[in-house]
Amino acid sequence: MSTLNFLNQQASVVASRLLGCIVEREIDGQTIAVKIVETEAYDQTDAASHSYRGKSPRSSVMFGPSGHLYVYFTYGMHYCCNIVTGPGGVGSAVLIRAVEPIKGIKYMQKIRNKNDVNLSNGPAKLCQALKIDKTLNGHYLAKPPIKLVIQPPIESEDIIRTKRIGISEAKEKPWRFYIKNNPYVSRIE
DNA sequence: AGCGGGATTTTCT
DNA sequence: GAAAATCCCGCTT
């Protein structure tokens, strides 16, 4: 049993609880640390989810155990990363949409060739900043080179819950969560 | 500040 | 063959 146990519940619950948690990435002898500030939940009953039409080669990781990374490629050029949630046997995950850099900022500036909020205020941007690609698809987040470090929950009054971004189905589900007043959030209402 | 198009590949119809 | 859980740049106001 690991500290990642809480991931084994429904995605919309986990999405909120992941706010404020830290991701540690080891790459090229460097350690990068970021704080999760924006998430979206996707589950199998959800027409916007990659798991909605059942298991496929791309989405198969979503159907596996919670605590693993689901990385997908989209728009011909971008990766996005999700944390697989539970309960077991169900295709569900939480998309990490934005993070706040904590450590290794110079390294991220170099890879991204950008500064400030543009380092990581979007799902494809943060994947580039953390060098996340398909080789990490399915990685378990309790061990290097990329780990999830749980932090105390964010106060509920500091969590904003809204509709998700960039989808054409199930637009009304309020399954996007972000930390109030955090400058790295990809977009405010 | 806001709109519009291009990049470019995986997946599903 | 089209759309996709996106981003960036250049153009217009």
Side-chain angles (χ1 to χ4, degrees), chain A residues 7 10-19 21 23 34 36-64 66-86 90-101 108-139 141 146 148 159-179 182-189:
Chain A
L7 297 172
Q10 68 182 48
S12 56
V13 173
V14 175
S16 166
R17 179 65 184 82
L18 279 172
L19 295 175
C21 293
V23 174
V34 299
I36 297 172
V37 301
E38 179 181 348
T39 59
E40 285 179 1
Y42 289 87
D43 81 17
Q44 205 168 341
T45 64
D46 169 16
S49 173
H50 292 167
S51 61
Y52 182 61
R53 293 171 207 288
K55 203 169 174 179
S56 72
R58 176 174 66 166
S59 68
S60 66
V61 174
M62 287 182 77
F63 291 80
S66 61
H68 290 250
L69 208 54
Y70 166 47
V71 181
Y72 70 89
F73 188 69
T74 192
Y75 290 104
M77 58 190 339
H78 294 305
Y79 291 102
C80 294
C81 92
N82 299 247
I83 293 174
V84 177
T85 67
V90 173
S92 58
V94 171
L95 172 68
I96 308 302
R97 281 197 56 88
V99 299
E100 176 181 333
M108 285 186 269
Q109 288 171 334
K110 191 173 159 188
I111 323 178
R112 286 272 305 138
N113 197 28
K114 299 280 180 198
N115 285 317
D116 304 317
V117 297
N118 280 313
L119 283 181
S120 58
N121 64 343
K125 296 180 189 182
L126 71 91
C127 279
Q128 192 184 358
L130 295 174
K131 280 201 176 181
I132 292 171
D133 64 21
K134 64 185 179 188
T135 65
L136 287 171
N137 189 34
H139 174 78
L141 288 165
I146 181 164
L148 177 65
I159 296 177
I160 308 292
R161 176 176 190 161
T162 66
K163 291 183 286 190
R164 296 174 292 181
I165 293 179
I167 55 174
S168 54
E169 304 286 336
K171 290 180 178 175
E172 300 307 312
K173 284 185 191 288
W175 282 3
R176 173 173 177 247
F177 303 84
Y178 63 87
I179 299 179
N182 187 288
Y184 286 85
V185 170
S186 65
R187 173 182 151 213
I188 53 170
E189 288 283 89

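Numbered from 1 within each chain, the chains take letters A, B, ... in sequence-line order.
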Heavy-atom closest pair, residues A/R97 and A/S186: NH2-OG, 3.2 Å
For A/I36 and A/V99 the tightest heavy-atom approach is CA-CG1, 4.1 Å
Please assess A/T39 against A/R176 for the test side chain to side chain contact (heavy atoms under 4.5 Å, CB included), listing each intermediate value before the final yes or no. CA-CA 6 Å; A/T39 59; A/R176 173 173 177 247; over 6 Å; no
Check ring-ring contact (aromatic ring centres under 6.0 Å, His included) between A/H68 and all other residues, then give those that pass, not counting sequence neighbours. A/Y140
Mind checking what makes side chain to side chain contact (heavy atoms under 4.5 Å, CB included) contact with A/A98, not counting sequence neighbours? A/V37, A/E38
Shoot me the first and last contacting nucleotide of DNA chain B against chain A, ordered 5' to 3', at under 4.0 angstrom to non-hydrogen atoms. B/dA7 to B/dT13
Show the numbers, then the answer: is there a side chain to side chain contact (heavy atoms under 4.5 Å, CB included) between A/V117 and A/L119? CA-CA 5 Å; A/V117 297; A/L119 283 181; over 6 Å; no
Of all pairs that satisfy side chain to side chain donor-acceptor pair (under 3.5 Å), the ones with a partner from residues 163-174 of chain A, not counting sequence neighbours: A/D46-A/R164
I need the full list of side chain to side chain donor-acceptor pair (under 3.5 Å) pairs touching residues 69-81 of chain A, with sequence neighbours left out, sorted by first then second residue. A/H50-A/Y70
Sugar-phosphate only, base, or nothing, as touched by A/I167 at under 4.0 Å among non-hydrogen atoms: sugar-phosphate
Counting the atoms with a prime plus P, OP1 and OP2 as sugar-phosphate, which does A/K134 contact under 4.0 Å by heavy atoms, base, sugar-phosphate, or nothing? nothing
Here the residues of residues 118-128 of chain A within 4.0 Å heavy-atom distance, strictly under, of DNA chain C are A/G122, A/P123, A/A124, A/K125
Between the side chains of A/Q10 and A/D43, does any donor sit under 3.5 Å from an acceptor? no
Per-residue pairing states of DNA chain C in dot-bracket (Watson-Crick or G-U under 3.5 Å; . unpaired, | other strand) read ||||.|||||||.
For A/F177 and A/S12, the nearest pair of non-hydrogen atoms, with its separation, is CZ-O, 3.5 Å
Students should find that the nucleotides of DNA chain C closing off the region near chain A, any atom under 4.0 angstrom from a heavy atom, are C/dA4 to C/dC9
Name the one of A/V14, A/L7, A/V23 that satisfies side-chain contact (heavy atoms from CB on, under 4.5 Å) with A/I83? A/L7
Who pairs with A/N113 by side chain to side chain donor-acceptor pair (under 3.5 Å), at least two apart in sequence or on another chain? none
Any base atoms under 4.0 Å from A/Y75, or only sugar-phosphate, or nothing? Heavy atoms, all strands. base
Using a heavy-atom cut-off of 4.0 Å across all strands, would you classify A/R97 as base, sugar-phosphate, or nothing? sugar-phosphate
Using residues 127-135 of chain A as the side-chain source, report each donor-acceptor pair under 3.5 Å to any protein atom, sequence neighbours left out, with the distance given to one decimal.
from, atom 1, to, atom 2, distance (Å)
A/Q128, OE1, A/R112, NH1, 2.6
A/D133, OD1, A/T135, N, 2.9
A/D133, OD1, A/T135, OG1, 2.6

With the threshold set at under 4.0 Å for non-hydrogen atoms, list the residues of residues 44-60 of chain A touching DNA chain B in residue-number order. A/R53, A/S56, A/R58
Starting from the 5' end of DNA chain C, give me the residue, A/S186 or A/G76, whose nearest nucleotide shows up first. A/G76
B/dC3 and C/dA5: how far apart are their C1' atoms, nearest whole angstrom? 22 Å
Side chains of A/S92 and A/T85: donor-acceptor distance under 3.5 Å anywhere? yes
By side chain to side chain donor-acceptor pair (under 3.5 Å), A/S120 pairs with (sequence neighbours left out) none
Working to the nearest 0.5 angstrom, can you tell me the gap between A/C21 SG and A/L141 CG? 11.0 Å
With a 4.0 Å cut-off on heavy atoms, is A/R187 in touch with a base, just the backbone sugar-phosphate, or nothing at all? nothing
